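A short write-up of the structure that comes next.
Computed from a predicted structure; not experimentally measured. Index from 1, following the sequence.
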Amino acid sequence: MSRPLFVAAFAAISLAVASGASAQQFGYFGSNGPAFWGELDPSWEACGTGEIQSPVDFSRAMPPKKRGRPLAIEYGTTTGEIFNNGHTIEIETDGENTLTIDGVEYALVQFHFHLASEHRVRGRGYDMELHLVHKAADGSNAVIGVFLTRGISSGALTPIFANLPDDLNVKHPLTEPFDPSTFLPAEQARFQYVGSLTTPPCTEGVHWIVMSAPVTVSDEDIAQFAERIHFNARFTQRTVK
């Protein structure tokens, strides 16, 4: 994460608290920050005591998995509703989009963003991270993580960032359909591991696929997100070797 964005995000802490972020069930700073999530609600105990919590730092000894082999995804034309839930900007998806892992099919249900990246590679983080959240018939989750780094253009994500809402918990239909596969980097080398959700209740057993190559997001789009959400990344929980 670049120093100007880092400074700007933390400069907004007091504003976020004063504007009511502390009224949310959980937050990213202070007494309802990540270090205390496991104490805020009995059903969130895993946030404090779980053994395979996410996000993680991928160590130098762990190269990207399945280099050159395409992801087992079937994505297509999708519509969605975008909303600001106070913790992130989330898009609930409506379409036939699936990810298959070890013979289990997971359907894409939503995607959202973190500022800065939650996962790290050999200690290095990125400006943002996109999470595409999938759910299987038995309720288990699989998430594809995509690192976002500042660049000239936001590419396929431009229409999403053009519709970032200010109002809380009001769903706005996106006017244009999209294909979630266009959000992924062309290079499909990736890290895979089993961890947890990175927000309460921090449920474990989540299949994570984190793409090794980042995609770009424009300075303006990062700034627009930061104005609405500020810093919303859980610190790394462990190193995966």
Heavy-atom pair with the smallest gap, counting every atom of [X] and [Y]:
{"X": "His112", "Y": "Gln110", "answer": "ND1-OE1, 2.9 Å"}
{"X": "Pro185", "Y": "Ala213", "answer": "CG-O, 3.4 Å"}
{"X": "Thr198", "Y": "Glu118", "answer": "OG1-OE1, 2.7 Å"}
{"X": "Leu108", "Y": "Pro180", "answer": "CD2-CG, 3.8 Å"}
{"X": "Arg120", "Y": "Gly125", "answer": "NH2-N, 3.5 Å"}
{"X": "Phe36", "Y": "Ser31", "answer": "CB-O, 3.4 Å"}

How long is the straight-line distance from [atom2] of [Y] back to [atom1] of [X], given to the nearest 0.5 Å?
{"X": "Ile73", "Y": "Ile101", "atom1": "CD1", "atom2": "CD1", "value": "11.0 Å"}
{"X": "Gln192", "Y": "Met211", "atom1": "CD", "atom2": "CE", "value": "9.0 Å"}
{"X": "Thr203", "Y": "Leu197", "atom1": "OG1", "atom2": "CG", "value": "4.5 Å"}
{"X": "Asn163", "Y": "Glu81", "atom1": "CG", "atom2": "CD", "value": "12.5 Å"}

Would you check if the side chain of [X] reaches a backbone N or O of [Y] as a donor-acceptor pair within less than 3.5 Å?
{"X": "Trp208", "Y": "Ser196", "value": "yes"}
{"X": "Gln188", "Y": "Leu71", "value": "yes"}
{"X": "Thr216", "Y": "Ser153", "value": "yes"}
{"X": "Arg228", "Y": "Asn84", "value": "no"}
{"X": "His134", "Y": "Val143", "value": "no"}
{"X": "Ser140", "Y": "Ala136", "value": "no"}
{"X": "Asn141", "Y": "Val206", "value": "no"}
{"X": "Arg238", "Y": "Gln53", "value": "yes"}
{"X": "Asn97", "Y": "Gly76", "value": "yes"}
{"X": "His114", "Y": "Asn232", "value": "yes"}

Hey, would you say the [X] and [Y] ring centroids sit under 6.0 Å apart?
{"X": "Trp37", "Y": "Tyr28", "result": "yes"}
{"X": "Phe113", "Y": "His87", "result": "no"}
{"X": "His119", "Y": "Phe58", "result": "yes"}

Can you find a side-chain donor-acceptor pair between [X] and [Y] that sits under 3.5 Å?
{"X": "Thr100", "Y": "Glu105", "value": "no"}
{"X": "Thr78", "Y": "Asp94", "value": "no"}
{"X": "His172", "Y": "Asp167", "value": "yes"}
{"X": "Ser218", "Y": "Asp221", "value": "yes"}
{"X": "Tyr75", "Y": "Thr98", "value": "no"}

Following the transitive rule for hydrophobic clusters with a side-chain heavy-atom cut-off under 4.5 Å over Ile, Leu, Val, Met, Phe, Trp and Tyr, establish whether [X] and [Y] coincide in one cluster.
{"X": "Phe178", "Y": "Leu148", "value": "yes"}
{"X": "Leu164", "Y": "Phe83", "value": "no"}
{"X": "Tyr193", "Y": "Ile52", "value": "no"}
{"X": "Phe183", "Y": "Leu174", "value": "yes"}
{"X": "Val194", "Y": "Val210", "value": "no"}

Please collect all disulfide (SG to SG under 2.5 Å) contacts where either partner lies in residues 168-241, sequence neighbours excluded, each pair once.
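Sorted pair list: Cys47-Cys202.
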Working note: Val56 + Thr239, criterion side chain to side chain contact (heavy atoms under 4.5 Å, CB included); need CA distance, chi angles, decisive distance, verdict.
CA-CA 5 Å; Val56 304; Thr239 297; over 6 Å; no
Derivation of the side chain to side chain contact (heavy atoms under 4.5 Å, CB included) call for Val104 and Tyr106
CA-CA 7 Å; Val104 178; Tyr106 299 82; 3.6 Å; yes
Would you say the side chain of Leu99 lies within less than 4.5 Å of the side chain of Leu132, judging by non-hydrogen atoms?
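No. Closest side-chain heavy atoms not under 4.5 Å.
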Would you say Ser212 and Arg190 make side-chain contact, with heavy atoms under 4.5 Å?
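No; the side chains remain at least 4.5 Å from each other.
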Just do the side chain to side chain contact (heavy atoms under 4.5 Å, CB included) check on Phe191 and Val121 with the steps written out, would you?
CA-CA 10 Å; Phe191 301 96; Val121 179; 3.9 Å; yes
Could you go step by step and tell me if Val170 and Leu168 meet the side chain to side chain contact (heavy atoms under 4.5 Å, CB included) rule?
CA-CA 6 Å; Val170 177; Leu168 288 176; over 6 Å; no
Checking side-chain contact (heavy atoms from CB on, under 4.5 Å) between Phe111 and each of Val133, Ile160, Val146, Ile144, which is the one that passes?
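Testing each of Val133, Ile160, Val146, Ile144 against Phe111, the sole residue satisfying side-chain contact (heavy atoms from CB on, under 4.5 Å) is Ile160.
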Is there a salt bridge (Lys or Arg N to Asp or Glu O under 4.0 Å) between Arg122 and Asp57 once you walk through the steps?
CA-CA 6 Å; Arg122 297 185 293 276; Asp57 185 354; over 6 Å; no
Listed partners of Lys171 passing side-chain hydrogen bond (donor to acceptor under 3.5 Å, both in side chains), at least two apart
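Result, side-chain hydrogen bond (donor to acceptor under 3.5 Å, both in side chains) vs Lys171: Glu92.
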